[in-house]
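What follows is a short report on a single structure.
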Amino acid sequence: SSSSSSSSSSLQTTAVTTTRTRANRQQSSTVLQDHQATTTPTTTVQITELSTPSTTAKKICILGGGFGGLNAALTLSSLPFPPDEKPSITLIDTKDRFVFLPLLYELCVGDADLNEVAPTYQSLLDNTGIGFQQGTVQGIDIENNVVYLWTNSTGSKTTASVLYDSLIVATGSSVNLQTIPGATTHAVPFYTIQNCLELRKILSLLDSIPSQDFERKINVVIVGGGYSGVELGLNLMERLNSIGKGVKVTMVHRGNEILEYASEYNQKIAIERLKRMGVEIMTRTCVVEVMDAHGAAQELVKDGLWKEDEMDIISCKKPSRVVVCNKDSNQQQQQQQQILEADILLWTAGSMSTNVQKGILNSKLPRDSSGRIVVTKYLNAKDCENVFALGDCSRVMNEKHPYPATAAVAMQQAPFVAWNVYSNLMTAKGDNREEEEEKMKPMPFSLVNLGEMMTLGGQDATISSMGVVQLSGVAASVIRRLVYAVRMPTPQQGLVAAMLSSTKRLESLLKAKVTKQ
């Protein structure tokens with residue numbers, strides 16, 4: 001998949017420090033002091049130390065249950081640890097559901113089921129021996145090998161600590177709307193189940209208005225011309241057209257061309273589909289500001305150009321005016337600016353690492369200017385042998401450039417991280433260290449380009465693999481869903497996905513047949 005593995009593991013970090021020393025950290029509680037408010041009196045909270053199955057077993061803690069974190073956990077649970085040295089594995093995520101991001105578009109428009117796209121961690125980890133803890137990470141003390149997090153397991157917010165011998169950070173990335181004035185208020189990001197459900201609500205409300213009552217087109221602006229923006233735009237265009245609502249979709253992309261990292265074949269097919277569907281593409285264009293258009297909407301109703309119910313429906317996310325600036329113009333910025341009317345503003349650009357350096361508990365892990373953890377070719381943090389990072393929150397170099405932040409990269413990194421954690425734990429225990437190290441050498445990460453797949457709306461998709469397979473249309477759509485079923489984290493979930501996908505496809509075919517009749 002080419003979708004970003006963003007979102008499903010959005011673990012926000014805040015600054016805390018602890019009075020616990022290495023000697024007394026085994027106590028059941030201690031006091032945290034909040035160093036973010038140095039000018040105010042110190043507040044204290046009690047820490048509860050999460051129990052582990054064995055006090056002697058090695059402890060592996062994984063932060064983030066996205067593609068990278070979940071697959072690393074499952075791989076670790078299958079490695080041949082000696083029975084008496086089986087480590088305890090704890091997976092921590094802010095949500096209770098894993099999200100298969102490449103199918104989020106289908107879930108939004110009703111072509112996929114929730115249990116196919118977002119199974120619970122409990123169902124995925126059943127009978128694996130992996131523990132799951134829902135919580136929000138507050139800090140990492142790498143000197144004492146402790147993770148601190150907020151949990152709500154007791155019905156109230158408490159601070160818990162998790163000890164580890166090996167730590168895997170796979171916290172992903174999240175969209176950053178705060179740099180653009182007005183974007184946080186008006187834009188709908190598209191990275192999480194919550195974002196998906198919010199857009200579904202808007203679409204459902206639009207469904208409730210009879211087509212004949214719409215006297216104008218719905219204006220949709222999508223910011224970002226990467227994989228997510230293109231897939232979302234085509235699915236949304238088809239969805240709104242299928243219910244008889246006129247729609248104008250404008251895609252705003254700051255790069256020189258959309259899908260700049262896609263294969264030539266997939267890029268060509270996608271651009272052809274976008275043009276055929278009437279999507280306006282604005283490249284080398286950035287968003288400067290998003291303004292409230294609600295006042296303007298009221299005037300349109302007053303003048304009889306809009307109906308009251310049209311404004312009420314679209315006002316579930318206020319209509320906005322998107323101020324954009326084209327970088328091709330030689331004129332002054334004020335003269336370059338153009339205003340786009342947006343009934344629905346969707347944001348798929350501007351992701352950033354959620355592991356931004358904050359506070360002293362997180363200050364020891366090396367990061368780049370974007371907040372990503374700098375790792376070696378073995379995917380361990382620089383100068384830190386027992387802390388590993390993968391996916392969007394990490395930066396590992398591919399010759400001169402970092403690997404792209406995609407689900408495909410995170411999924412391939414997962415078994416490398418799992419093996420290197422296994423290598424690190426087992427060689428540390430070996431009596432004959434040289435012999436053990438030779439057998440269990442860590443493996444440097446190397447990406448194999450297996451190709452990419454994209455949905456182009458409904459029963460359409462495009463596939464490009466290794467320069468050999470190039471396919472688009474209905475056949476590509478069927479293969480894409482089958483491949484994703486195989487790539488599900490567990491065989492059981494793959495079977496569920498295949499069955500639900502087949503059911504949805506059959507329903508779509510029957511619906512299309514009835515419509516023609």
Side-chain angles (χ1 to χ4, degrees), residues 1-11 13 60-79 87 89-94 98-102 121 124 130 137 140 142 147 164-174 191 351-357 362 365-368 370-398 401-425 442-450 487 489:
S1 161
S2 307
S3 299
S4 174
S5 60
S6 43
S7 50
S8 68
S9 307
S10 196
L11 303 178
T13 38
I60 302 172
C61 180
I62 302 171
L63 307 181
F67 285 102
L70 179 59
N71 281 285
L74 292 169
T75 304
L76 275 164
S77 70
S78 68
L79 290 176
I89 303 172
T90 302
L91 179 68
I92 299 172
D93 197 274
T94 57
F98 167 76
V99 181
F100 198 90
L101 287 174
Y121 286 109
L124 291 173
I130 299 170
V137 173
I140 305 168
I142 62 172
V147 172
Y164 67 84
D165 295 288
S166 288
L167 176 68
I168 299 174
V169 184
T171 50
S173 62
S174 62
Y191 291 91
S351 64
M352 62 177 288
S353 172
T354 60
N355 206 35
V356 176
Q357 183 171 345
N362 287 303
L365 291 175
R367 290 171 176 78
D368 65 8
S370 299
R372 296 174 299 181
I373 299 174
V374 178
V375 298
T376 70
K377 61 183 179 180
Y378 300 107
L379 302 180
N380 65 292
K382 194 174 180 182
D383 301 323
C384 198
E385 291 185 357
N386 69 332
V387 177
F388 297 79
L390 72 161
D392 297 5
C393 72
S394 69
R395 190 197 74 180
V396 57
M397 300 301 290
N398 175 20
H401 304 285
Y403 285 105
T406 65
V409 173
M411 289 178 73
Q412 288 196 38
Q413 287 177 333
F416 284 86
V417 164
W419 173 262
N420 292 342
V421 167
Y422 174 74
S423 169
N424 180 268
L425 291 177
M443 294 190 297
F445 174 68
S446 178
L447 182 70
V448 178
N449 187 357
L450 299 176
R487 288 186 179 178

Contact between [X] and [Y] at the side-chain level, heavy atoms closer than 4.5 Å - yes or no?
X: L74; Y: I130; result: yes
X: I92; Y: C61; result: yes
X: D93; Y: F98; result: no

Tell me every residue that passes side-chain hydrogen bond (donor to acceptor under 3.5 Å, both in side chains) with T376, counting only those two or more places apart in sequence or in another chain.
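Per chain and number, T376 pairs via side-chain hydrogen bond (donor to acceptor under 3.5 Å, both in side chains) with N380.
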Using the side-chain hydrogen bond (donor to acceptor under 3.5 Å, both in side chains) criterion, which residues pair with D368? Sequence neighbours excluded.
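Partners of D368 by the side-chain hydrogen bond (donor to acceptor under 3.5 Å, both in side chains) criterion, ordered by chain and then number, come out as R372.
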Before you tell me yes or no, could you show the steps for F416 and W419 under ring pair (Phe, Tyr, Trp, His ring centres under 6.0 Å), namely the whole-Å CA-CA distance, both residues' side-chain angles and the distance that decides it to 0.1 Å?
CA-CA 5 Å; F416 284 86; W419 173 262; over 10 Å; no
Do the side chain of N420 and the main chain of P442 share a donor and acceptor less than 3.5 angstrom apart?
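Such a contact is absent between N420 side chain and P442 backbone.
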Please enumerate all residues that pass side-chain contact (heavy atoms from CB on, under 4.5 Å) together with L447, with sequence neighbours excluded.
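Partners of L447 by the side-chain contact (heavy atoms from CB on, under 4.5 Å) criterion, ordered by chain and then number, come out as Y403, V409, Q412, F445.
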Residues in side-chain contact (heavy atoms from CB on, under 4.5 Å) with A72, at least two apart?
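Here the qualifying residues are I168, A414.
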Rounded to the nearest 0.5 Å, what separation is found between the [atom1] atom of [X] and the [atom2] atom of [Y]?
X: I60; Y: L76; atom1: CD1; atom2: CG; value: 4.5 Å
X: I142; Y: L365; atom1: CD1; atom2: CG; value: 4.5 Å
X: Y191; Y: L101; atom1: OH; atom2: CG; value: 10.0 Å
X: F388; Y: Q413; atom1: CZ; atom2: CD; value: 12.5 Å
X: T406; Y: F67; atom1: OG1; atom2: CZ; value: 10.0 Å
X: I373; Y: T171; atom1: CD1; atom2: OG1; value: 6.5 Å

Do you know the tightest heavy-atom contact between [X] and [Y]?
X: P402; Y: R395; answer: CB-CG, 3.8 Å
X: V375; Y: A389; answer: CG1-CB, 3.7 Å
X: N424; Y: S166; answer: OD1-OG, 4.0 Å
X: S77; Y: I89; answer: N-CD1, 3.8 Å
X: G172; Y: D392; answer: C-CB, 3.8 Å

